[in-house]
Amino acid sequence: MAYGSSAEEQETSVLELARDGGEPPHSYVRREEDRPLDASPPASPIPPVDLQLLFSSGPSKESEMEKLRSTLDSWGFFQAINHGISSSLLEKVINVGREFFYLSKEERQKFSKQAYGKDEDGLETIPQNVPKDRILEWNDHLYLQVIPEHARKIDRWPDNPTSFRNILHEYSMKINDVIHLVLQAMANLVGLEEDYFVRQFGNMATVHARFNYYPPCSRPDLVLGLKSHSDGSGITILLPDPAVDGLEVLKDNQWVRVCPVRHAILINVGDQIEIMSNGIFKSPVHRAVTNSERERISVVMFLAAEVDKEIGPADGLVSAGRPRLYKAIKVKDYLDMFLLNSLKGKRSIDFVRV
Ligand SMILES: O=C(O)CCC(=O)C(=O)O
Ligand SMILES: [Fe+2]
């Protein structure tokens, strides 16, 4: 079935396109070289890392730290277990996200960011003001700042389902604790003072939540839920759909499907930590694929440093043997550049290399 003009498409969310069930419109079809592979890439387990053990003592701590080091080295991702967030809260977060996308179009559109500026919070269905030749992604998403608390635009947070705001608040607070632990563990790994990264991100570090909703697609071989990218964040905490896989990581130049452990949360290095660590931690390239049968949800939290701060490689990680790999840059400038480069399918980290 054919879809209307691009003007009509601009008013239709991916969710509604999917309900029509036809072939995806031309504007979603990827170039041949970017399409998902026919054969499923090998599913490979990313080792789970026990967050509490990282802060214990003795040999179990050492071996867990070693596991974190080698997992980040080979994947840029790890799966955190024993993270202190109850499985019932994790389920609630996924469920309220799903229920929001199940609302009627009119209800959902109340939280649309369309009426606001480009980096305002809210629901994004079809991106506005994008170049005509840009290939679109098979997702609708809701983007909300959650930290610092006083910066929240609470009127953009859905009040339907009624528990949405409370659950997102509770989850954000828990994620903030996890972020601190992970930043401390990563500083320990590279021999920096334990609070080095926490201080670099600053008291006014931000966290944004992104609820990704990927409807089923009749031609998953032609589209991507999210195209290949690395995150412009410091670190990213990804809560995957417990029932449907779809995240792929580019590992040794091959796309590998990630199969999450139940109730684990996935954590990945973002560009800002790659810069601060002078490239010891690498921000992995990843994407999301769709499937023809089932919808998929993910709830992602992006930590970023205070916007007015300048970030650059830690002095302690620059030496004669390990020269400075990245220029210093203001966080705000990095994030602005990130938005523009993402539209062009380019990686921003490539623009700050020395
Ligand atoms: O849905 C996923 O698994 C990936 C999400 C992601 O990479 C993102 O939102 O940046
Ligand atoms: Fe991502």
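Just so you know, ligand 1 is whichever comes first in the structure, and atom 1 is the first atom listed for that ligand. Residues take their numbers from the sequence shown, with the count starting at 1. Every heavy atom of this structure was used, including side-chain atoms; hydrogens, water molecules and symmetry mates were not.
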What atoms of ligand 1 come closer than 4.0 angstrom to any heavy atom of Tyr214? 1 (O), 2 (C), 4 (C), 5 (C)

Ligand 1 contacted by Arg296 (non-hydrogen, < 4.0 Å): yes

Using a 4.0 Å heavy-atom cut-off, which part of Leu226 comes near ligand 1: side chain, backbone, both, or neither? side chain

Kindly give the atom name of the N, O or S atom of Asp231 closest to the Fe ion (ligand 2). OD1

Classify the contact between His286 and ligand 1 as side chain, backbone, both or neither, using a heavy-atom distance cut-off of under 4.0 Å. side chain

For atom 9 (O) of ligand 1, find the nearest protein heavy atom and state the residue, atom name and distance (0.1 Å precision). Asn212 ND2, 3.1 Å

Is the NZ or CZ atom of Arg152 both under 6.0 Å from the centre of the six-membered ring of Trp157 and within 45° of that ring's axis? no

Could you tabulate the donor-acceptor pairs under 3.5 Å formed by side-chain atoms of residues 345-354, not counting sequence neighbours?
from   : atom 1 : to     : atom 2 : distance (Å)
Arg347 : NE     : Ser230 : OG     : 3.1
Arg347 : NH2    : Ser230 : OG     : 3.1
Arg347 : NH2    : Ser283 : O      : 3.2
Ser348 : OG     : Asn341 : ND2    : 3.1
Asp350 : OD1    : Arg353 : NE     : 3.2
Asp350 : OD1    : Arg353 : NH2    : 2.8

With a cut-off of 4.0 Å, which atoms of ligand 1 are near a heavy atom of Arg210? 9 (O)

Evaluate the criterion side chain to side chain contact (heavy atoms under 4.5 Å, CB included) for residue pair Met276 and Phe201; output intermediate values, then yes/no. CA-CA 10 Å; Met276 290 177 192; Phe201 281 90; 3.7 Å; yes

The NE2(His286)-the Fe ion (ligand 2)-NE2(His229) angle, to 10°, is 90°

Would Arg262 and Glu91 pass as an ion pair if we require N to O under 4.0 Å? yes

Do any heavy atoms of His229 fall under 4.0 Å from ligand 1? yes

Give the atoms of ligand 1, by number and element, whose distance to some non-hydrogen atom of Leu238 is under 4.0 Å. 3 (O), 4 (C)

Do Glu16 and Arg108 sit within salt-bridge range, that is, some charged N less than 4.0 Å from a carboxylate O? yes

Of all the atoms in ligand 1, which lie at a distance below 4.0 Å from a heavy atom belonging to Asp231? 10 (O)

Residues Glu124, Lys113: salt bridge by 4.0 Å N-O rule: yes

Can a salt bridge be assigned to the pair Asp73 and Arg69 using a cut-off of 4.0 Å between side-chain N and carboxylate O? no

Carboxylate-amine/guanidinium proximity below 4.0 Å for Lys330 and Glu310: no

Using a strict 4.0 Å cut-off to heavy atoms of Phe302, name the atoms of ligand 1 that fall inside it. 8 (C), 9 (O), 10 (O)

